[in-house]
Colleague: 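My questions all concern the structure below.
Per chain, numbering begins at 1; letters A, B, ... match sequence-line order.
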Number of protein chains: 2
Amino acid sequence: MTPDTRLSHLVAVLKRRRCRLTPQRLAILRLLAQSVGHPSIEEIYERLQGEFPTMSIATIYKTVTLLKELGEVLELSFPEEGVKRYDGAKPYPHPHLICVRCRRILDPEIGSLTPLVETAGRLTGFRILSHRLDLYGVCPECQAREEGREWQAPAPLQQGQGGI
Amino acid sequence: MTPDTRLSHLVAVLKRRRCRLTPQRLAILRLLAQSVGHPSIEEIYERLQGEFPTMSIATIYKTVTLLKELGEVLELSFPEEGVKRYDGAKPYPHPHLICVRCRRILDPEIGSLTPLVETAGRLTGFRILSHRLDLYGVCPECQAREEGREWQAPAPLQQGQGGI
DNA sequence: CTTCATGCAAAACATTTGCAGCTGG
DNA sequence: CCAGCTGCAAATGTTTTGCATGAAG
């Protein structure tokens, strides 16, 4: 699903709920529909400063909370940095890969967790509703950078984002 | 590993580091060595009010932070309740099963995540260091309670903790 | 026009920090 | 003794809330 399609969907959802589409809201939706880097409230605020210099951070909190309640945004808390990050592109549970050095967040294409989750449900009698899997590590770029310090001649940076 | 063994280990770790074993600290260690229900700071504070009515909550924060830095306590943030919970019994990454109704936390005995984690590492080039898997659902007891509301005659509560 | 969103400021909240005094070893 | 811990209070940083103004529909 492209960011544009996703944006249209978010707009449609708000319209159906008879929520107002103010310019501020639309801009927030646009950022969340892409969710590049899984932005925090603060980051959304900063990225929109140019377009809306007077916008209050409370407005962003309120819009994000609204979308969260509608199930259209995934909230990811990162206590290490004391912030919550948001994914409006894929609002359903999916694994995240977090670089502990540069704090980049990737969506790795690993197999479904469904079998694992079903097993856990059977064993414990729980009715499983949701899940969260975070993998913490060092991304290829940061690994190269660290090796560079020790060895002086680092391996060339890999292209792309390290995904396949 | 029994709670007593775990407590001895924690005491030994602090001694090795030449940290002082005050009565307050020992009491905190005792609670964390069991970590029944994965207590929050506030819960540790309340449970120790009887024994140490004048103890400051800052003392608990400081001791828990110390143990966290020594790798002897696992910190689990739960933004939904706005608290962090602690596991001093199993300070290494392991899956958690959280009841969204009664907030109980269990350690399900599901298979290792290692293959999954290794796959993700290979596919993305990340050096994986750690992970966190939380499964959210409704525990057997809360399921029975909910059915009871609709049907009037609930199935008998299951014994044990729902685990196997 | 009416309702709802905005923006500001104050409040709420968990957590951290500074520091004087106490105490474990 | 005296380094390091305790307890209190103040500070911090994020998130929430109340309310008057303003704009969407």
Side-chain angles (χ1 to χ4, degrees), chain A residues 10-32 38-46 48-70 72-86 103, chain B residues 10-32 38-46 48-70 73 75-86 103:
Chain A
L10 292 178
V11 168
V13 166
L14 287 194
K15 275 189 178 167
R16 198 182 315 140
R17 291 267 172 161
R18 296 198 172 56
C19 294
R20 287 183 189 160
L21 284 169
T22 63
Q24 294 94 323
R25 261 194 191 170
L26 207 57
I28 297 170
L29 291 193
R30 204 175 300 124
L31 279 193
L32 286 175
H38 300 66
S40 63
I41 297 284
E42 192 70 32
E43 280 166 12
I44 297 175
Y45 180 66
E46 285 164 11
L48 293 180
Q49 275 300 89
E51 206 175 341
F52 302 94
T54 74
M55 183 162 58
S56 166
I57 203 155
T59 297
I60 303 175
Y61 274 105
K62 284 165 183 165
T63 296
V64 169
T65 300
L66 172 64
L67 290 171
K68 205 170 57 181
E69 286 165 1
L70 298 176
E72 295 295 339
V73 146
L74 183 70
E75 182 180 69
L76 296 169
S77 177
F78 289 97
E80 314 90 56
E81 22 182 326
V83 207
K84 294 176 182 174
R85 301 185 162 275
Y86 297 90
R103 305 305 309 178
Chain B
L10 292 178
V11 168
V13 167
L14 288 194
K15 276 189 176 167
R16 198 182 314 139
R17 291 266 171 162
R18 296 198 172 53
C19 294
R20 288 188 188 156
L21 285 169
T22 64
Q24 293 93 324
R25 259 192 192 170
L26 207 58
I28 297 170
L29 292 193
R30 205 174 300 125
L31 279 193
L32 286 174
H38 298 66
S40 64
I41 298 285
E42 193 69 32
E43 281 166 10
I44 298 176
Y45 180 66
E46 285 164 11
L48 293 180
Q49 275 300 89
E51 206 176 342
F52 301 94
T54 73
M55 182 161 59
S56 167
I57 203 153
T59 298
I60 304 176
Y61 273 106
K62 282 165 185 167
T63 296
V64 168
T65 300
L66 172 64
L67 290 171
K68 205 170 57 181
E69 285 165 1
L70 298 176
V73 146
E75 183 180 68
L76 296 169
S77 178
F78 289 97
E80 314 91 53
E81 24 183 324
V83 215
K84 294 177 182 172
R85 300 183 163 275
Y86 297 89
R103 305 306 308 178

Colleague: For residues 51-64 of chain B, which residues have at least one heavy atom under 4.0 Å from DNA chain C?
Modeller: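 Heavy-atom cutoff 4.0 Å gives B:A58, B:Y61, B:K62.
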Colleague: Does the side-chain contact (heavy atoms from CB on, under 4.5 Å) test come out yes or no for A:L66 and A:V73, once each step is laid out?
Modeller: CA-CA 9 Å; A:L66 172 64; A:V73 146; over 6 Å; no
Colleague: Take A:L67 and A:V13, measure what side-chain contact (heavy atoms from CB on, under 4.5 Å) needs, and give me the verdict at the end.
Modeller: CA-CA 9 Å; A:L67 290 171; A:V13 166; 5.8 Å; no
Colleague: Does any residue of residues 11-23 of chain B have a heavy atom under 4.0 Å from DNA chain C, and if so, which ones, in number order?
Modeller: B:R20, B:L21
Colleague: Of the options B:I57, B:V64, B:T59, which is the one that meets B:Y61 in a side chain to side chain contact (heavy atoms under 4.5 Å, CB included)?
Modeller: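 Exactly one option meets the side chain to side chain contact (heavy atoms under 4.5 Å, CB included) with B:Y61, and it is B:I57.
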Colleague: Does the side chain of A:L10 come within less than 4.5 Å of A:L70's, by heavy atoms?
Modeller: no
Colleague: In whole Å, I'd like the distance from the CD1 atom of A:I44 to the C1' atom of C:dT6.
Modeller: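 In whole Å, C:dT6 C1' and A:I44 CD1 are 17 Å from each other.
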Colleague: In this structure, how many angstroms lie between the P atom of C:dC13 and the NZ atom of A:K84, rounded?
Modeller: 14 Å
Colleague: Is any side-chain heavy atom of B:E51 less than 4.5 Å from a side-chain heavy atom of B:R30?
Modeller: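 Yes. Closest side-chain heavy atoms under 4.5 Å.
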Colleague: Can you pull the contact range of chain A along DNA chain D, 5' to 3', using atoms under 4.0 angstrom from its heavy atoms?
Modeller: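 So the contact region on DNA chain D extends D:dT14 to D:dG25.
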Colleague: If I take atom CD in residue B:E80 and atom C1' in nucleotide C:dA14, what distance separates them, rounded to the nearest angstrom?
Modeller: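 Whole-Å distance recorded here is 15 Å.
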Colleague: Run A:V83 and A:E42 through side-chain contact (heavy atoms from CB on, under 4.5 Å) and show every step you take.
Modeller: CA-CA 9 Å; A:V83 207; A:E42 192 70 32; 5.6 Å; no
Colleague: Evaluate side-chain contact (heavy atoms from CB on, under 4.5 Å) for B:L21 paired with B:L29, printing each intermediate quantity in order.
Modeller: CA-CA 10 Å; B:L21 285 169; B:L29 292 193; 4.2 Å; yes
Colleague: Regarding B:Q24, tell me which of base, sugar-phosphate or nothing describes its non-hydrogen contacts under 4.0 Å with the strands shown.
Modeller: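 Counting heavy atoms under 4.0 Å across all strands, the contact made by B:Q24 is with sugar-phosphate only.
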Colleague: Where do B:Y86 and B:K68 come nearest, in terms of heavy atoms and distance?
Modeller: CE2-CD, 4.5 Å
Colleague: Would the distance check show the side chain of B:E43 and the main-chain N or O of B:S40 forming a donor-acceptor pair, the cut-off being under 3.5 Å?
Modeller: yes
Colleague: Enter the distance from A:E75:CD to B:E80:CD here, rounded to the nearest 0.5 Å.
Modeller: 8.0 Å
Colleague: To the nearest angstrom, how far is B:E75 atom CD from C:dT15 atom P?
Modeller: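 Interatomic distance, CD of B:E75 to P of C:dT15: 8 Å.
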Colleague: So does A:F78 get a backbone contact from the side chain of A:R85, meaning a donor-acceptor N/O pair under 3.5 Å?
Modeller: no
